[in-house]
Amino acid sequence: QVQLVESGGGLVQAGGSLRLSCVASGRTFNSYVVGWFRQAPGKEREFVAGISRTGGNTFYPDSVKGRFTIFRDNAKNTAYLQMNALKPEDTAVYYCAATNSVRVGLTESAYGYWGQGTQVTVSS
C-alpha cells in the first residue's frame, strides 16, 4: 500500500503559477503510476495529468495541456504538478492518486490510492 500527502495549494492571481507536491510513503514509489485530479464545487472529479512509473510518459487533457506539467522524483518518493498560466476555472481541490497498474489511467476508477487533496484558488 501507499499513502499520499499533497501540499502546495493556495491562492494565486490569474496568470500565476503554483507547484503541487505529492509525497508517498513506502519504498516502492517507482512501482506506482501517479495521476493528478481536481474537483471544483458542484462538478465531478476530473483528470488533469498522469505519469508513468519511470516518468517517461505523461498525459494531459486539452484543458491543461501546455500549462501544466507533471513530473516525479522517485528517489524522493514525490510527484509534482507544475501549474502555469493559471485561470479562474482551474480553481478546485487537487488530488494526487496512485495505482500499481502498468498503464496510466485517465479516469478516477483507475486509481486505488488517494491523497486528502489541496485547495487551489485562482482569482481573476
Side-chain angles (χ1 to χ4, degrees):
Q1 290 193 349
V2 63
Q3 292 184 326
L4 306 171
V5 178
E6 304 99 330
S7 62
L11 174 64
V12 64
Q13 289 188 333
S17 298
L18 281 176
R19 178 178 292 185
L20 306 183
S21 299
C22 172
V23 179
S25 64
R27 297 175 291 177
T28 59
F29 182 61
N30 59 6
S31 66
Y32 291 89
V33 162
V34 174
W36 284 95
F37 290 75
R38 67 185 179 188
Q39 187 167 22
K43 295 188 177 180
E44 294 187 352
R45 194 171 296 187
E46 65 171 340
F47 171 82
V48 295
I51 190 166
S52 60
R53 295 172 174 181
T54 63
N57 293 297
T58 57
F59 300 84
Y60 308 93
D62 289 343
S63 58
V64 307
K65 195 173 293 182
R67 300 189 299 121
F68 289 12
T69 302
I70 186 172
F71 58 103
R72 64 192 297 165
D73 184 341
N74 285 340
K76 295 183 178 180
N77 280 13
T78 303
Y80 304 91
L81 183 67
Q82 177 67 42
M83 305 185 294
N84 298 329
L86 283 161
K87 305 174 181 180
E89 51 263 44
D90 294 318
T91 295
V93 177
Y94 282 71
Y95 297 90
C96 174
T99 176
N100 53 16
S101 170
V102 174
R103 300 178 62 182
V104 178
L106 307 184
T107 62
E108 188 177 354
S109 61
Y111 294 83
Y113 304 98
W114 291 85
Q116 82 289 350
T118 185
Q119 176 71 47
V120 171
T121 303
V122 184
S123 63
S124 58

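Just so you know, these numbers use all the heavy atoms, side chains as well, and skip hydrogens, waters and symmetry mates.
Checked by atom type and distance alone, the side chain of S101 never pairs as donor or acceptor with a backbone atom of T99 at under 3.5 Å. No side-chain donor-acceptor contact under 3.5 Å links Q116 to the backbone of V5.
Pairs engaging residues 30-81 under the disulfide bond (SG atoms under 2.5 Å apart) rule: none recorded [sequence neighbours left out]. Annotation: salt bridge (Lys or Arg N to Asp or Glu O under 4.0 Å) contacts involving residues 94-106, sequence neighbours excluded, are absent. A disulfide bond (SG atoms under 2.5 Å apart) check over residues 10-124, counting only residues at least two apart or in different chains, returns the pairs C22-C96. Within the structure, the salt bridge (Lys or Arg N to Asp or Glu O under 4.0 Å) test picks out the following pairs touching residues 88-99 (sequence neighbours left out): R38-D90, R67-D90. Within the structure, the disulfide bond (SG atoms under 2.5 Å apart) test picks out no pair touching residues 33-66 (sequence neighbours left out).
Heavy-atom minimum distance, Y32 versus V2: CE2-CG1, 3.8 Å. Listed here is the closest heavy atom pair of A49 and P61: N-CD, 4.4 Å. Across all their heavy atoms, A24 and L4 have their closest contact at CB-CD2, 3.7 Å. A pairwise comparison of heavy atoms in A110 and G105 identifies CB-CA, 3.8 Å as the closest pair.
Put simply, NZ on K87 and OG on S124 are 14.0 Å apart, with the number rounded to the nearest 0.5 Å. Atoms CG and OG1, from N77 and T28 in turn, are 8.0 Å apart once rounded to the nearest 0.5 Å.
Not counting sequence neighbours, the partners of T107 by the side-chain hydrogen bond (donor to acceptor under 3.5 Å, both in side chains) test are S109. The side-chain hydrogen bond (donor to acceptor under 3.5 Å, both in side chains) test applied to S17 returns N84, not counting sequence neighbours. Not counting sequence neighbours, S31 has no partner by the side-chain hydrogen bond (donor to acceptor under 3.5 Å, both in side chains) test. Considering only residues two or more places apart in sequence or on other chains, Y80 meets the ring pair (Phe, Tyr, Trp, His ring centres under 6.0 Å) condition with F71. By the side-chain hydrogen bond (donor to acceptor under 3.5 Å, both in side chains) test, N74 pairs with R72, sequence neighbours left out.
Side-chain contact between T91 and Q119 is present, with at least one heavy-atom pair separated by less than 4.5 Å.
In the hydrophobic clustering, V93 connects to V33, F37, F47, F59, Y95, V104, L106, Y111, W114, either directly or through intervening members, whenever side-chain heavy atoms lie under 4.5 Å apart. Side-chain heavy-atom separations under 4.5 angstrom define the hydrophobic clusters, and the remaining members of the one that includes V122 are V12, L18, L20, F29, V34, W36, V48, I51, Y60, V64, F68, I70, L81, M83, L86, Y94, V120.
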